[in-house]
K.L.:
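What follows is a single structure, and I will ask about it in a moment.
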Amino acid sequence: MRGPVVERRGQVHDGSTTDQRLLDSRGPTDWLHSDTWRVLRIQAEFVEGFGALAETGPAIAVFGSARTPADHPHYAVGEEVGRKLVEAGFAVITGGGPGAMEAANKGACEAGGASLGLGIELPFESGLNQWVDKGINFRYFFARKTMFVKYSQGFVVLPGGLGTLDELFEALTLVQTGKVTSFPIVLIGTAYWKGMIDWLRETVLAEGKIKPADLDMLVLTDDVDEAVSLMVQAREDRT
C-alpha cells in the first residue's frame, strides 16, 4: 500500500516507505523541480499573498513599462497617478519593478500612502524598486495576477509593452466573462493607446469578434484627475 493507493503484484515498484524517503538525506534532489513540489510552492505563494494583502484596504493597480526612463514624461505621469490615488484614499499596487511601476510607487510613497509591489521572477529584472513599502516576490505569473485582481478595485494602465498588455487584456477578459466584478480600467496616454483602440473598434468590433459593450469597459484619457475620479466613483458605487 502506498498512502491511499493499493499496489499489488506487478504494480509494486518500490519497497521503500514514504517516511523513509522523506527522512533519507541521501540521493538526488530532482524532487525540488517535480510537479508535486511545484504545487506546494504555488500553494505557498497564494497563502503568502493572501496573508500580506488581506488588510490592504481599497487599492488600485497601476501598470506600465519597466523600460520607462526616470526623465521621460510618462514617468512623471506615473508619479502623479500614485500621489493622487493616495490623496483619494487608495493604496497603490504595482508590479514592483522599475520604470512606470517605480514612478507610481514613488508617488504613493512620497504622498504618505500604502505603496505595494508584487514582483515576479524574471531573467532581466532583479528585486523590488526602492519605493515599495510592502512587497512580495512571486515565482508564478498566475499567482501574482490573482493578487492584482483580488485586491484591486480598478486598473490604471500607463504606456507599456507586452507585460502591460497581458495584464490589460486579462482584466478585460475577466470582466467580459463575468469572472470578476466589473471595475474601471483606464488607459492614460491617448497618443500611445489610440492606435490600439482604433484597431479594436475598426477591425475587431467591425468583424463581430467583440461587442460595443466590451470597448465601453475602457476609458482613454490624458487627465490623471479624470482617472482618479473614475476610481473614486466606482468605490462609492460599491457602498
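The figures that follow rest on heavy atoms only: side chains count, while hydrogens, waters and symmetry mates do not.
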K.L.:
Output the distance between atom CG (Leu218) and atom CG (Leu187), rounded to the nearest 0.5 Å.
P.N.:
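Interatomic distance, Leu218 CG to Leu187 CG, rounded to 0.5 Å: 5.0 Å.
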K.L.:
Just verifying a value: how many Å separate Arg235 CZ and Gln233 CD, rounded to the nearest 0.5 Å?
P.N.:
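Going from CZ on Arg235 over to CD on Gln233, the span is 10.5 Å.
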K.L.:
Got a list of side-chain donor-acceptor pairs under 3.5 Å for residues 165-175, not counting sequence neighbours?
P.N.:
unit_1, atom_1, unit_2, atom_2, d
Asp166, OD1, Lys145, NZ, 3.2
Asp166, OD2, Lys145, NZ, 2.6
Thr173, OG1, Phe169, O, 2.8

K.L.:
Is it the case that one hydrophobic cluster holds both Val180 and Phe46, taking links as side-chain heavy atoms less than 4.5 Å apart, direct or via other members?
P.N.:
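Yes, it is one cluster - the side chains of Val180 and Phe46 are joined through contacts under 4.5 Å.
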K.L.:
Of the non-hydrogen atoms in Thr181 and Phe183, which two are nearest, and what is the gap between them?
P.N.:
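So the two residues come closest at O-CD2, 3.2 Å.
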K.L.:
Listed by chain and number, what are the side chain to side chain donor-acceptor pair (under 3.5 Å) partners of Asp133, not counting sequence neighbours?
P.N.:
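Scan of Asp133 (side chain to side chain donor-acceptor pair (under 3.5 Å), adjacent residues dropped) gives none.
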K.L.:
Do any pairs count as a salt bridge (charged side-chain N to carboxylate O under 4.0 Å, His left out) and have a residue in residues 111-120, sequence neighbours left out, and if so which ones?
P.N.:
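Listed by first then second residue: nothing to list.
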K.L.:
For residues Val132 and Gly117, report the shortest heavy-atom separation together with the two atoms involved.
P.N.:
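Residues Val132 and Gly117, closest heavy atoms: CG1-N, 3.5 Å.
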K.L.:
Under 4.5 Å side-chain heavy-atom separation, chaining through any Ile, Leu, Val, Met, Phe, Trp or Tyr, what else clusters with Tyr75? Say none if it is isolated.
P.N.:
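Other cluster members: none.
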K.L.:
Sequence neighbours left out, cut at 3.5 Å: what donor-acceptor pairs do the side chains of residues 50-66 make with other protein atoms?
P.N.:
unit_1, atom_1, unit_2, atom_2, d
Thr56, OG1, Leu53, O, 2.7
Ser65, OG, Arg67, N, 2.9

K.L.:
What's the separation between atom CZ in Arg201 and atom NZ in Lys194, rounded to the nearest 0.5 Å?
P.N.:
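The CZ atom of Arg201 sits 8.0 Å away from the NZ atom of Lys194.
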K.L.:
Transitively linked via ILVMFWY side-chain contacts under 4.5 Å: Ile185 with Val219?
P.N.:
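No; Val219 is not reachable from Ile185 via cluster members.
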K.L.:
For residues 150-161, which side-chain N or O atoms pair as donor and acceptor with protein atoms under 3.5 Å away, sequence neighbours left out?
P.N.:
unit_1, atom_1, unit_2, atom_2, d
Ser152, OG, Phe148, O, 2.7
Gln153, OE1, Arg238, NH1, 3.2

K.L.:
Please list, chain by chain and in numerical order, all residues satisfying side chain to side chain donor-acceptor pair (under 3.5 Å) with Lys134, sequence neighbours excluded.
P.N.:
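Applying side chain to side chain donor-acceptor pair (under 3.5 Å) to Lys134 gives none.
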K.L.:
OG of Ser115 to CH2 of Trp131: how many Å apart, nearest 0.5 Å?
P.N.:
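Here the interatomic distance stands at 9.0 Å.
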K.L.:
Hydrophobic clustering (ILVMFWY, side-chain heavy atoms < 4.5 Å, transitive) - are Leu220 and Met231 grouped together?
P.N.:
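Cluster IDs for Met231 and Leu220 differ.
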K.L.:
Go through the structure and list residues passing side chain to side chain donor-acceptor pair (under 3.5 Å) with Asp225, not counting sequence neighbours.
P.N.:
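Result, side chain to side chain donor-acceptor pair (under 3.5 Å) vs Asp225: Lys84.
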K.L.:
According to a hydrophobic-cluster definition based on side-chain heavy atoms being under 4.5 Å apart (Ile, Leu, Val, Met, Phe, Trp, Tyr only), do Trp193 and Ile188 belong together?
P.N.:
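No; Ile188 is not reachable from Trp193 via cluster members.
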K.L.:
Please write out which residues are connected to Val39 in a hydrophobic cluster, directly or through intermediates, given that two of Ile, Leu, Val, Met, Phe, Trp, Tyr count as joined at side-chain heavy-atom separations below 4.5 angstrom.
P.N.:
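Noted: Val39 shares its cluster with no other residue.
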K.L.:
Using the rule that two of Ile, Leu, Val, Met, Phe, Trp, Tyr join whenever any of their side-chain heavy atoms come within less than 4.5 Å, decide whether Ile136 and Phe141 are in one cluster.
P.N.:
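Per the 4.5 Å side-chain linkage, Ile136 and Phe141 are co-clustered.
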K.L.:
Return the set of residues passing salt bridge (Lys or Arg N to Asp or Glu O under 4.0 Å) with Arg139 (not counting sequence neighbours), or none when no residue passes.
P.N.:
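Residues passing salt bridge (Lys or Arg N to Asp or Glu O under 4.0 Å) with Arg139: none at all.
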K.L.:
Would you compute the distance between atom CG of Leu116 and atom OG1 of Thr94 and round it to the nearest 0.5 angstrom?
P.N.:
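So the CG of Leu116 and the OG1 of Thr94 are separated by 8.5 Å.
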K.L.:
Under the salt bridge (charged side-chain N to carboxylate O under 4.0 Å, His left out) rule, what pairs show up with a residue in residues 102-112, not counting sequence neighbours?
P.N.:
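Sorted pair list: Glu79-Lys106.
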K.L.:
Could you measure the distance from the CG atom of Asn105 to the CE atom of Met101? Nearest 0.5 Å is fine.
P.N.:
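Spacing of CG (Asn105) from CE (Met101) equals 9.0 Å.
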K.L.:
If every non-hydrogen atom of Gly82 is compared with every non-hydrogen atom of Val92, which pair is closest and at what distance?
P.N.:
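Taking Gly82 first and Val92 second, the nearest heavy atoms are O-CG2, 3.8 Å.
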K.L.:
Any salt bridge (charged side-chain N to carboxylate O under 4.0 Å, His left out) pairs touching residues 207-220, not counting sequence neighbours?
P.N.:
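Every salt bridge (charged side-chain N to carboxylate O under 4.0 Å, His left out) pair that includes a residue of residues 207-220, provided the two are not neighbours, is Glu207-Lys209.
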K.L.:
Locate the shortest heavy-atom distance separating Ala88 from Val232; write the atom from each residue and the value.
P.N.:
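Shortest heavy-atom contact: CB-CG2, 3.8 Å.
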K.L.:
What heavy-atom pair brings Glu45 and Ala143 nearest, and what distance separates the two atoms?
P.N.:
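In this case the closest contact between Glu45 and Ala143 is OE1-CB, 3.7 Å.
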K.L.:
In terms of heavy-atom contacts, does CG of Leu40 have more than 12 from other residues, nucleotides or ligands at under 6.0 Å?
P.N.:
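Counting neighbours around CG of Leu40, more than 12 heavy atoms of other residues, nucleotides or ligands fall under 6.0 Å, so yes.
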